[in-house]
Amino acid sequence: MKKLILIIAVVILYSNMGQAQEYRPLAGFCKDTLAYLKTNFIDNKSRYIGQKLEKLILDYEILLANTPPMGTNEGGGGVDPSYICGITLFYLHSIKMDQYRDAQKPFYRLRIYFAPPYCQEENPIARKMIEMRNRKNAILYYLKDYIIEKIVLVKVKGREVTLFE
């Protein structure tokens, strides 16, 4: 009987190890943006992989300064911006990013890659909406149904770029 209980405990322990932890709100990180991004979106990316972008965007609490869609380079002819294969979530505006680069201060952004098939952007207004002030609502409206395939945290310090997967 003791062996059975021990076996059950070990099975439960190992089955829980592979599961993603619960999302932790930004307030719990004492303004540590890197810890927030790394804990929620890299260490626990299994929470979002295979899910719609809407789930991640609704969890993402940092103000979005810029959210450029990433075009594909399918067919080898260079980047085709009419097909969206992902999105980058910036929390700093470009002027602030330039100041950080010049001062050799690191800053971070999330790259979200979508699973194929990549949908052609039929409505050119979609790209314009993403550039508008309320980016979160624009993303939710136009890109919410895209399925997340990969999440990468990008660290930029000066001209050096480091990827965390």
Side-chain angles (χ1 to χ4, degrees), residues 17-74 78-116 118 121 124-144 146-165:
M17 287 176 68
Q19 295 177 354
Q21 296 176 355
E22 289 298 313
Y23 172 84
R24 286 182 50 203
L26 180 59
F29 290 94
C30 300
K31 298 184 180 182
D32 186 345
T33 306
L34 174 58
Y36 167 77
L37 292 172
K38 189 172 180 314
T39 299
N40 285 312
F41 305 107
I42 299 302
D43 296 345
N44 292 310
K45 63 184 164 190
S46 61
R47 175 178 164 82
Y48 303 103
I49 303 296
Q51 302 294 318
K52 291 182 179 183
L53 178 63
E54 178 179 37
K55 181 175 183 173
L56 185 144
I57 294 298
L58 288 173
D59 281 351
Y60 192 85
E61 295 180 61
I62 301 173
L63 179 66
L64 295 172
N66 195 3
T67 53
M70 296 183 290
T72 68
N73 60 356
E74 296 212 344
V79 174
D80 181 354
S82 65
Y83 285 85
I84 298 174
C85 69
I87 190 165
T88 302
L89 305 181
F90 291 89
Y91 62 89
L92 293 176
H93 290 281
S94 58
I95 293 170
K96 195 72 158 170
M97 285 189 280
D98 289 342
Q99 291 171 351
Y100 273 54
R101 272 193 195 99
D102 292 344
Q104 294 291 312
K105 286 178 64 176
F107 62 92
Y108 303 86
R109 58 186 177 226
L110 279 181
R111 279 192 193 150
I112 314 299
Y113 294 89
F114 302 138
Y118 306 121
E121 183 181 337
I125 296 172
R127 194 171 291 274
K128 294 292 183 200
M129 285 290 294
I130 290 170
E131 296 168 3
M132 292 174 54
R133 288 220 180 270
N134 196 339
R135 289 174 184 84
K136 194 168 192 171
N137 285 344
I139 291 168
L140 287 173
Y141 184 78
Y142 287 104
L143 304 176
K144 67 180 180 182
Y146 282 72
I147 303 299
I148 297 172
E149 180 176 66
K150 182 175 161 184
I151 302 172
V152 176
L153 180 64
V154 180
K155 174 186 177 186
V156 179
K157 184 175 181 183
R159 299 291 172 210
E160 181 181 322
V161 176
T162 308
L163 305 177
F164 301 94
E165 296 188 43

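Taking every heavy atom of both residues into account, Pro106 and Tyr108 meet most closely at CB-OH, 4.1 Å.
Atom CG of Leu37 is separated from atom CG of Leu26 by 8.5 Å, given to the nearest 0.5 angstrom. Put simply, CD1 on Ile112 and CD1 on Ile49 are 8.0 Å apart, with the number rounded to the nearest 0.5 Å. Put simply, CZ on Arg109 and CZ on Phe90 are 4.0 Å apart, with the number rounded to the nearest 0.5 Å. Considering OG1 of Thr88 and OH of Tyr113, their distance stands at 7.0 Å, rounded to 0.5 Å. Rounding to the nearest 0.5 angstrom, the gap separating the CZ atom in Phe29 from the CZ atom in Arg24 is 3.5 Å. One distance of note links CD1 of Ile42 with CZ of Phe164; it measures 9.0 Å at 0.5 Å rounding.
Relative ring orientation between Phe114 and Tyr146 is described as tilted, the plane-to-plane angle lying within the 30° to 60° band.
With a 6.0 Å radius and a threshold of 12 heavy atoms from other residues, nucleotides or ligands, Ile95 has its CD1 atom at or below the threshold.
Using a 4.5 Å cut-off on side-chain heavy atoms (C-beta onward), Asn40 and Tyr60 make no contact. Side-chain contact between Phe41 and Leu153 is absent, with no heavy-atom pair separated by less than 4.5 Å. Side-chain contact between Leu89 and Ile57: present, with at least one pair of heavy atoms (C-beta onward) separated by less than 4.5 Å.
Scored by the side-chain hydrogen bond (donor to acceptor under 3.5 Å, both in side chains) test, Gln51 finds no partners at all (sequence neighbours excluded). Tyr23 meets the ring-ring contact (aromatic ring centres under 6.0 Å, His included) test with no other residue; sequence neighbours excluded. Every residue meeting the side-chain hydrogen bond (donor to acceptor under 3.5 Å, both in side chains) condition with Lys52, not counting sequence neighbours, appears here in chain and number order: Asp145.
Applying the salt bridge (charged side-chain N to carboxylate O under 4.0 Å, His left out) rule to pairs touching residues 152-165 yields Lys150-Glu165, sequence neighbours excluded. Counting only residues at least two apart or on different chains, the salt bridge (charged side-chain N to carboxylate O under 4.0 Å, His left out) pairs with a member in residues 54-65 are Arg47-Asp59. Under the salt bridge (charged side-chain N to carboxylate O under 4.0 Å, His left out) criterion, the residue pairs touching residues 86-101 are Asp98-Arg101, with sequence neighbours excluded.
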Practice problem: Could you check Leu56 against Ile151 for side chain to side chain contact (heavy atoms under 4.5 Å, CB included), going step by step and ending with a plain yes or no? | Solution: CA-CA 10 Å; Leu56 185 144; Ile151 302 172; 3.8 Å; yes

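Among Asp43, Asn44, Thr33, Asp32, the one residue that satisfies the side-chain hydrogen bond (donor to acceptor under 3.5 Å, both in side chains) test with Lys38 is Asp43.
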